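Notes to accompany the following structure.
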Amino acid sequence: MLCLKSNMTANLLDGLNPEQLAAVTLPHQSALILAGAGSGKTRVLTTRIAWLIQTGQVSPLGLLAVTFTNKAAKEMLTRLTAMLPINTRGMWVGTFHGLSNRLLRTHYRDAGLPQLFQILDTADQLSAVKRLLKALDVDTEKYEPKKVQYFINGNKEAGLRPEHVEVFDPYTRRLVEFYAAYDAQCNRDGVVDFSELLLRAYELLARNDMLRTHYQERFRYILVDEFQDTNRLQYRWLKMFAGEDSALLAVGDDDQSIYAFRGAHSGNMNEFQRDYAGDNVIKLEQNYRSHGNILDAANALITQNATRLGKNLWTSEGKGEPIRVFEAYNDQEEASFIVEEVKALHRDGTALVDMALLYRSNAQSRVLEHALFSAGVPYRVYGGLRFFERQEIKHALAYLRLLANPDDDGAFSRIVNFPTRGIGARTLEQLSDAAQAANTSLWQAARAQFDPAKAVKGLPGFVALMGAMQDATQGLPLPEAIEHVLHMSGLAAHYQAEKEGADRLENLNELINAATVFSNDPEAMAELDEVGGPLASFLAHAALEAGDHQAGAGSDALQLMTVHAAKGLEFHAVFVGGLEEGLFPHEQSMNEKDGIEEERRLMYVAITRARRRLYLSHAQSRMLHGQVRYGIPSRFLDELPSELLKLVNAKRNSAVPASHDSYAAPKSNARNNTSPWRIGMNVRHAKFGLGVVVNVEGQGEDTRVQINFGAANGMKWLALAYAKLEVA
DNA sequence: TCGTTAACATTTTTT
DNA sequence: ATGTTAACGA
């Protein structure tokens, strides 16, 4: 028996390198794992959990494992069940938000929430803010709803309630008032937004000694994935669960911190060392993913960043192929080059799913998609609207939310006149006033005015409808209840009648399907069904897990996504396009503090996605916002050691392609210009350095040229008579 | 109340 | 270029 057990343990630990082994078998103490890209981070995390359970150091219920995304949480559970014959039911493995939701559902009374509290996603929250500002009669020019939302979330993520926010000016004072009013509105509606989920959970434990002690004694081991992406509130949240006897393991890579723009605070890693880990730091630097040249390039790039904990990836693999660099005239040429290379690689046996086109911003996908479509290459774009974010789905869910909680004013406003039933702005304004006067929800106000005699159309009709819906769906299984709602509400008929409604109708059917799948998945039900019943569970599921982007998984298709979306993934061949100053690094980031460093980390992530082959490309000009823009090559290209690179645009002869003139020829100003300076030309200036001619004005002595010198020196008009320009 | 048009902005994104 | 939202007229 003992023999069998040690054998199994050995199997579990087989094939780990010394650092990985050390991390997996750490004693009961806190530690920080600096895990480089492709160093087997997830494997270490899951193997450690399995090892801890298998060796009897902790029961499955005694550990807390937190991830950032649902995908990562699911992956962890899947791998865990493959390693150990255990029941993962009841285990606290999940996202910050998912676990907060579970905590709040369980202790909803202590948290001061209604049992069936609903979760607002980002869009719901924005409309809640808009509704609030309207009710307060606020000038939305001066206080943009988006800004107000940003302010509220920013403070929540710093752990600050309205009364704690420091106010130095009248503008901020007003914002704080909105924040307080927003919180009041949410409480009245019985809804909770994403950051509130975390803050409430944190406050619940901070306030309630008994609960805190309970959880702290329960969780002897706490593991956190992607620690560099945590924000300040999330770190404080973690601390609440960590008791005297808890060992915390944080896994992260400061070089892959690319979410500072949404509040991630990689300084948490330093603080974690100070608070818990001390010198107990393990670096995983052996990379199992990429060939040497790719890693060398990544290392060379990232060393240009001043603020890092320090880490150097290495591989036992060979150098491999050089990194291919392509310089295109314009974005279309760039796209067709990429398509040709993809086709060639595919012919040689690389599956399309094993190749990715990465870009800095979503707008860049269009040209690529067009070229791929014309060439008949199957592709799949990640990003964009997700299932539960589609308007028809949100409408349907709003009906369900209102059934679960009639006081949810957000849900009420969304559907009271959708499909249209003759309830206009005027009626709603009166209703809103009545509700405000009586200090009740819109639904209560509507019901107070309810007159059964008029219950045919308008507001009374709506009240009658909801009542009928409530009766009809009572006690029905979830999918059938949803089907009733879709028909009784008129949503189904509405989209049936609409010309372009077929897709939406299909999505609504898919919603019934999703409910069926959800109801049959005991794991999912158990996860969320702590309190509240299947409807509440399903709605929480819809809010917390927006659903995979689109069907089409499984088939062999080229992968298109932003660099952000590619984090955590790997591909045989990777193409990174649009490597131009202003695009990558993005110009908006150049003004931000530490913006360039974050962009560089982003580039680091992009490079380290590639296993065997990496293409980097840039274009001299590209269409942006319906205008031709000229850009100079990204500084990141210069930061890569040239011996690792190979220029591959030699195929083209020196003659300018016919299409080039139409782009280069200036539309205005320089019609009759005879000077040698042409738009799109690369030039060098003694002081400003490398630039691109963007515009030419005047003739002879008076010629002036406008030059884009990139981020450092910006746009300049120069008089040719004085400026010393040379062709670069 | 609803449909049309004009103005507008447009990095990255999970929960 | 393009998609979304706010204002305006029928």
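In what follows, every chain begins at residue 1, and chains take the letters A, B, ... in the order their sequences are listed. This one's a predicted model, so the numbers in the text were calculated from it and none came from an experiment.
B:dT14 atom P lies 16 Å from atom CG of A:Asn153, rounded to whole Å. Between the CZ atom of A:Phe387 and the P atom of B:dT15 there is a distance of 16 Å, given to the nearest Å. For A:Glu389 and B:dT13, the CD to P distance is 12 Å, given to the nearest whole Å. In this structure, the NE2 atom of A:His265 is 22 Å from the P atom of B:dT14, given to the nearest Å. Spacing between atom CD1 of A:Ile596 and atom P of B:dT11 amounts to 16 Å, rounded to whole angstrom units. In this structure, CG of A:Asn231 is placed 14 Å from P of B:dT15, rounded to the nearest angstrom. The distance from atom OH of A:Tyr382 to atom C1' of B:dT14 is 17 Å, rounded to the nearest whole Å. Separating the CG atom of A:Leu120 from the C1' atom of B:dT14 is a distance of 16 Å, rounded to the nearest angstrom.
Residue A:Glu157 is classed as having no contact, given no heavy-atom separation below 4.0 Å to the nucleic acid. When heavy atoms are screened at a 4.0 angstrom cut-off, A:Ile119 is found touching no nucleic acid atom at all. Using a 4.0 Å heavy-atom cutoff across all strands shown, A:Ser195 reaches no nucleic acid atom at all. Residue-level contact check: A:Tyr259 touches the backbone only, with heavy atoms under 4.0 Å from sugar-phosphate atoms and none from bases.
Closest approach to the A:Lys130 side chain among C:dA6, C:dG3, B:dT11 is made by C:dA6 (side chain taken as heavy atoms from C-beta onward). In this structure, of B:dT14, B:dC2, B:dT12, it is B:dT12 that holds the atom nearest to the side chain of A:Phe261. Among the nucleotides B:dT12, B:dT13, C:dT2, the one closest to the side chain of A:Arg366 is C:dT2. With B:dT11, B:dC2, B:dT14 as the candidates, the nucleotide lying closest to the side chain of A:Asn417 is B:dC2. Side chain of A:Arg386, nearest nucleotide from B:dT14, B:dT11, B:dT13: B:dT14. Listed nucleotides C:dG3, B:dT12, B:dT15 differ in distance to A:Leu544; the shortest reach to its side chain belongs to B:dT15. Here the nucleotide nearest the side chain of A:His625, chosen from C:dG3, B:dT15, C:dA1, is C:dA1. With B:dT12, B:dC2, C:dA1 as the candidates, the nucleotide lying closest to the side chain of A:Met623 is C:dA1. Proximity note for A:Thr69 (side chain, C-beta onward) versus C:dG3, B:dT12, B:dT14: the nearest is B:dT14.
Shown here are the side chain to side chain contact (heavy atoms under 4.5 Å, CB included) partners of A:Ala565, two or more places apart in sequence or in another chain: A:Met561, A:Thr562.
Note on A:Arg414 versus A:Asp408: no salt bridge recorded, every NZ/NE/NH1/NH2 to OD/OE distance being 4.0 Å or above.
Here A:His586 counts as stacked on B:dT11: its ring centre is under 5.5 angstrom from the base ring centre and the planes meet at under 30°. Residue-nucleotide stacking is not present for A:His564 and B:dT13, judged by a side-chain ring centre under 5.5 Å from the six-membered base ring centre and planes under 30° apart. By the 5.5 angstrom centroid cut-off and the 30-degree plane limit, A:Phe68 is classified as not stacked against the base of B:dT15.
With A:Glu581 as reference, A:Arg635 is the one residue of A:His586, A:Arg635, A:His618 to meet the side-chain hydrogen bond (donor to acceptor under 3.5 Å, both in side chains) rule.
Contact of the A:Phe584 side chain with the A:Val563 side chain is registered, since non-hydrogen atoms from C-beta on lie closer than 4.5 Å.
Phosphate proximity of B:dT12 to A:Asn362: present, with a side-chain N or O under 4.0 Å from OP1 or OP2. Side-chain nitrogen and oxygen atoms of A:Ser589 include none within less than 4.0 Å of the OP1 or OP2 phosphate oxygen of B:dT12.
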When the side chains of residues 425-434 of chain A are checked against the rest of the protein, which donor-acceptor pairs come out under 3.5 Å, sequence neighbours left out?
none

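No more than 12 heavy atoms of other residues, nucleotides or ligands sit less than 6.0 Å from atom CZ of A:Arg232.
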